[in-house]
Novice: 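Okay, handing you the structure first.
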Amino acid sequence: MGQKVNPTGFRLGITENWRSRWYAGDNYASQLKCDLEIRKHLEKRLKNCAVSRIEIERAGEKVKVIIVTARPGIVIGKKGADIEKIRKDVEKFVGQKVTVDVLEVKRPELDATLIAKSVAEQLEGRIAFRRAMRKAVQSAQKSGAKGIRIQVAGRLGGAEMCRREWYGEGRIPRHTLRAQIDYGFAIAATQMGSIGVQVWVYHGDVLPGQKPSNPALESSGRPSRKARPRKRPAGERGAK
């Protein structure tokens, strides 16, 4: 059963939070359908904006939509024009007052969904699947991931028979509930058929009393190239 359980739903309330946060009584089904329509519309509209996930909060008559993306400038648009259009479109689905917030993913190489979408785009561009997986794994390892596993399934390389292959580095304790594992999924629509891409990224354990944090939303802490001190030539080091 371990490989059939969604890692995010498996850890809800422990290391993961709900993507939709609201309470409903008799109208639960209608609000759930509304959330699915909002996500479907925004994912289609923001297909090229590197959207990681869409969170929805409801409090009374107010609805708050949080778009987590690696390209906030494209989502917001010039002087906030695009985000205003998105807000008006979402209000048509909901029928209530909507506020839209944009949250930036500062390290997309640690976000499982963005990694899966990146690999899927490379597969659609006819790049070898092993090369795409290896490159994504190396990038995540350099950024500080404690473990990563990428799995692709389908007609790999245009083969007649579907198969599944995976590549990973580090630890991926998928049955440990306190392990903070980010899970992402994407589909690559190739000429030979659809190829599914699954990604697991392990960020470490969350011990009792600790608050889980998302490393992908945090800055790396490394100084930029402009901020790094310039090395003086050997002849100038001794002179003052």
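These values consider heavy atoms only, across backbone and side chains, with no hydrogens, waters or symmetry-generated copies.
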Novice: What is the minimum heavy-atom distance between A186 and A120, and which atoms define it?
Specialist: CB-CB, 4.1 Å
Novice: In the hydrophobic clustering that connects Ile, Leu, Val, Met, Phe, Trp and Tyr at side-chain heavy-atom distances below 4.5 Å, which members other than V63 occupy its cluster, ordered by chain and number?
Specialist: I38, L42, L46, V51, I54, I56, V65, I67, V75, I76, I83, I86, V90, F93, V94, V98, V100, V102
Novice: Once side chain to side chain donor-acceptor pair (under 3.5 Å) is applied, what residue pairs with a partner in residues 63-80 remain, sequence neighbours excluded?
Specialist: K64-D101
Novice: In chain order, what residues pass the salt bridge (charged side-chain N to carboxylate O under 4.0 Å, His left out) check against R53, with sequence neighbours excluded?
Specialist: E55
Novice: For S139, is there any backbone N or O sitting under 3.5 Å from a side-chain donor or acceptor partner on S143?
Specialist: yes
Novice: Side chain to side chain donor-acceptor pair (under 3.5 Å) with D35: which of K40, R19, R58?
Specialist: R58
Novice: I'd like to know whether Q122 forms a side-chain contact (heavy atoms from CB on, under 4.5 Å) with V197, so could you lay out the CA-CA distance, the side-chain angles of the two residues, the decisive distance to 0.1 Å, and finally the verdict.
Specialist: CA-CA 11 Å; Q122 294 180 59; V197 182; over 6 Å; no
Novice: For D205 and A179, which heavy atoms make the closest approach, and how far apart are they?
Specialist: OD1-CA, 3.5 Å
Novice: Any ring pair (Phe, Tyr, Trp, His ring centres under 6.0 Å) involving residues 100-128? Give me the pairs, sequence neighbours left out, ordered by first then second residue.
Specialist: none
Novice: To the nearest 0.5 angstrom, please state how far the CZ atom of R171 sits from the CD1 atom of I148.
Specialist: 15.5 Å
Novice: State, to 0.1 Å, how close P108 and A70 come at their nearest heavy-atom pair, and which atoms those are.
Specialist: CB-CB, 4.1 Å
Novice: Could you report the tightest heavy-atom contact between G77 and D82, atom names first, then the distance?
Specialist: CA-OD2, 3.4 Å
Novice: Can you name the nearest heavy-atom pair linking I115 to A136, along with the distance?
Specialist: CG2-CB, 3.9 Å
Novice: Does anything in residues 109-124 pair up under salt bridge (Lys or Arg N to Asp or Glu O under 4.0 Å), and if so which pairs, sequence neighbours excluded?
Specialist: none
Novice: So how far is it from D182 CG to S52 OG, rounded to the nearest 0.5 Å?
Specialist: 6.5 Å
Novice: Excluding sequence neighbours, so at least two apart, what forms ring pair (Phe, Tyr, Trp, His ring centres under 6.0 Å) with W22?
Specialist: Y28
Novice: Could you list all the side chain to side chain donor-acceptor pair (under 3.5 Å) pairs where at least one residue sits in residues 145-154, not counting sequence neighbours?
Specialist: R149-Q151, Q151-Q198
Novice: Roughly how far, to the nearest 0.5 Å, is CG of D26 from CD of Q31?
Specialist: 11.0 Å
Novice: When you compare the side chains of R126 and Q191, does any donor N or O come within less than 3.5 Å of an acceptor on the partner?
Specialist: yes
Novice: Side chains of K85 and R45: does their closest heavy-atom pair fall under 4.5 Å?
Specialist: yes
Novice: Taking the side chain as every heavy atom from C-beta outward, state whether H203 and V201 have any pair of such atoms under 4.5 Å apart.
Specialist: yes
Novice: Could you name each residue pair satisfying ring pair (Phe, Tyr, Trp, His ring centres under 6.0 Å) that touches residues 118-157, not counting sequence neighbours?
Specialist: none
Novice: Should side-chain heavy atoms under 4.5 Å link Ile, Leu, Val, Met, Phe, Trp and Tyr, which residues sit in the same cluster as W18?
Specialist: L12
Novice: What distance separates S20 OG from R39 CZ, expressed to the nearest 0.5 Å?
Specialist: 3.5 Å
Novice: So which of M133, E165, E169, R134 actually passes side chain to side chain contact (heavy atoms under 4.5 Å, CB included) with I150?
Specialist: M133
Novice: In Å, rounded to the nearest 0.5 Å, how long is the span from CD of E16 to OG1 of T8?
Specialist: 5.0 Å
Novice: Supply the members, apart from W200, of the Ile/Leu/Val/Met/Phe/Trp/Tyr cluster built from side-chain contacts under 4.5 Å; use none for a lone residue.
Specialist: I172, I181, Y183, F185, I187, Y202
Novice: Applying a strict under-4.5 Å side-chain criterion to I, L, V, M, F, W and Y, I'd like to know whether F10 and I14 cluster together.
Specialist: yes
Novice: If you group Ile, Leu, Val, Met, Phe, Trp and Tyr whenever their side-chain heavy atoms sit less than 4.5 Å apart, what else falls in with M192?
Specialist: none
Novice: Looking at every non-hydrogen atom in both residues, tell me the closest pair between P173 and R11 and how far apart they are.
Specialist: O-NH2, 3.4 Å
Novice: Between E91 and K88, does any side-chain N to carboxylate O distance fall below 4.0 Å?
Specialist: no
Novice: Are there more than 12 heavy atoms of other residues, nucleotides or ligands under 6.0 Å from atom CZ of R178?
Specialist: no
Novice: Do any side-chain atoms of residues 207-217 form donor-acceptor pairs under 3.5 angstrom with protein atoms, and if so which ones, sequence neighbours left out?
Specialist:
| unit_1 | atom_1 | unit_2 | atom_2 | d |
| --- | --- | --- | --- | --- |
| Q210 | OE1 | L207 | N | 3.2 |
| N214 | OD1 | A216 | N | 3.1 |

Novice: So, taking the atom named CD1 in I195 and the one named OG1 in T190, what distance separates them when rounded to the nearest 0.5 Å?
Specialist: 4.5 Å
Novice: Starting from L123, can I reach V199 by hopping between I/L/V/M/F/W/Y residues whose side chains sit under 4.5 Å apart?
Specialist: yes
Novice: Quick one: are I66 and E57 in side-chain contact, heavy atoms under 4.5 Å?
Specialist: yes
